[in-house]
Amino acid sequence: MHEMGIAMQVAEIATASIPDNMKDVRVEKVNLKVGRLAAVVPASLRFCFEIITKDTALSGAELHIEEIPVVARCRECDTEWTIAGPVFTCERCKSGSVEILSGQELNIESIEIADE
Amino acid sequence: MFYPVFPARMLYKRKIQFMAGPESDLLPQLILPDGVCNPVRNVCKPLPAVKTYGCQVAKNSERKIEMEIKVVRKVLDVNDTMAAQNRKMFAEKNIFVLNVMSSPGSGKTTILEKTLARAEIKSAVIVGDICTTNDADRLAGTGVPVVQVNTDEFGGDCHLAAHVIGNAAANLDLDAIDLLIVENVGNLVCPAEFDIGEDARVVVLSVTEGEDKPLKYPLMFRVCNAALLNKTDLLPYLDYDKEMAVRYIHQIQPEMPVFEVSAKTEEGFDPWLEWLRNCVRQKLVKQNAN
């Protein structure tokens, strides 16, 4: 729902990451990691990113989104598993004492630039 | 929307591919097998190159340089930083901060009106809505200080962000209160994503909504510390399966306390108020111990 705000934040961080001595470069790709629990819709984020980067240093850059699955670990029996549906109890011992190891990420990993 | 700029932390990836014309003065700068970066000024300071690899000399003078710059930053870094500032400020002032979230119309404001009237805790409220000051007007009737935030000033946001809470709190006498309640924008999706520097989060669910709301909005129920199941006075008139709703909540957050209340009749309020008073008390004890 707030993908536009996120897209603006991504664009700002990506722009700030272009080294000072390479201001004329073309950014080809912005690599993001988005967890399945992060409440972000990739298609919507790409759409917003395309609009707000128009006529900027990031214009035409591909927003590459790697979706991260929700992985949990049971504190009781140490089982680790990938959560596919809305059930957060241990799939082995049914304990509710569960730690989420991944799936809430919303990180910008890197930018790829080309200087021609 | 207002976002302050923070310098990005970056590291160069070790492998850099590029094509450059002969005698290019860029060569010594860009061969960075062990390059380091100045993280504050974003200036690349390569160590002296000891080995040139991944380098191809193009026949013509055209040069093409491709590289990947590691950024590794949370997109919501700015919000998280501000939330940490808020948390520090509230800790210094010995204030317990409660973030109340729900879908629109679940009865947050009525619950808070009754809670403020009965809790006997020195409180203040920050209330977020996209438009209108209706909720603030109602809450002001309880006699506690209220700050209304209308998010349309910030782009019609679907949630309250940390900087908004920081600004709103500046309008309150923080020395005079022990509890700050933030009534978030009615929305079960976005507020779950944004840390505002609170100590605890509660989600309000009402029996006129579907029993399966927890399954449809799992993140919200994962991030909350307690749930209020409101409008229980309507249960005789509905086909609502209360046990199923509680079971679904526990499927998402197995250890979550669920308070069944009616904001209209105030039935079930005592355990909820006791939970709230305990939270405030524990924070005060913890702070005084420090």
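These numbers come from the heavy atoms of this one structure, side chains and all, not from hydrogens, waters or symmetry mates. Chain naming here is simple, since letters A, B, ... match the order of the sequence lines and numbering starts at 1 in each.
Remark: B:E209 engages B:K213 in a salt bridge (charged side-chain N to carboxylate O under 4.0 Å, His left out) (not counting sequence neighbours). A search for salt bridge (charged side-chain N to carboxylate O under 4.0 Å, His left out) contacts involving A:K94 returns nothing, not counting sequence neighbours.
Just one residue in the list B:L219, B:D212, B:L215 forms a side chain to side chain contact (heavy atoms under 4.5 Å, CB included) with A:P86, and that residue is B:L215.
Here the NE2 atom belonging to A:H2 is positioned 5.0 Å from the CD atom belonging to B:E193, to the nearest 0.5 angstrom. Taken to the nearest 0.5 Å, the SG atom of B:C158 stands 12.5 Å off from the CE atom of A:M4.
Top candidate by heavy-atom pairs under 4.5 Å with chain A, chosen from B:E255, B:Q251, B:Q253, B:K74, is B:Q251. Ranked by heavy-atom pairs shorter than 4.5 Å toward chain B, the options A:V98, A:I100, A:V25 are led by A:I100.
For A:L32, the part lying near chain B is the side chain, with the backbone staying farther off; criterion is any non-hydrogen pair under 4.5 Å. Of the two parts of A:A38, the backbone and the side chain both hold a non-hydrogen atom closer than 4.5 Å to a non-hydrogen atom of chain B.
When all heavy atoms are compared, the tightest approach of A:F88 to B:P218 is CE1-CB, 4.1 Å. Shortest non-hydrogen contact noted between A:Q9 and B:V75 is CG-O, 2.8 Å.
Residues of residues 101-109 of chain A that come within less than 4.5 angstrom of chain B, heavy atom to heavy atom, are A:Q104, A:L106, A:N107, A:I108, A:E109 in numerical order.
Each side chain to side chain donor-acceptor pair (under 3.5 Å) pair with one or both residues in residues 69-86 of chain A, not counting sequence neighbours, appears once here: A:R73-A:D78, A:R73-A:E99, A:R75-A:S97, A:T79-A:R92.
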Report the C-alpha separation of B:I69 and A:S110 in whole Å, then their side-chain angles, then the decisive distance to 0.1 Å, and conclude whether the side chain to side chain contact (heavy atoms under 4.5 Å, CB included) test is met.
CA-CA 5 Å; B:I69 298 172; A:S110 65; 5.9 Å; no

Chi angles and distances behind the side chain to side chain contact (heavy atoms under 4.5 Å, CB included) call for B:K70, A:I111:
CA-CA 7 Å; B:K70 285 280 174 201; A:I111 60 173; over 6 Å; no

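The environment of B:R201 atom CZ is dense: over 12 non-hydrogen atoms of other residues, nucleotides or ligands sit within 6.0 angstrom.
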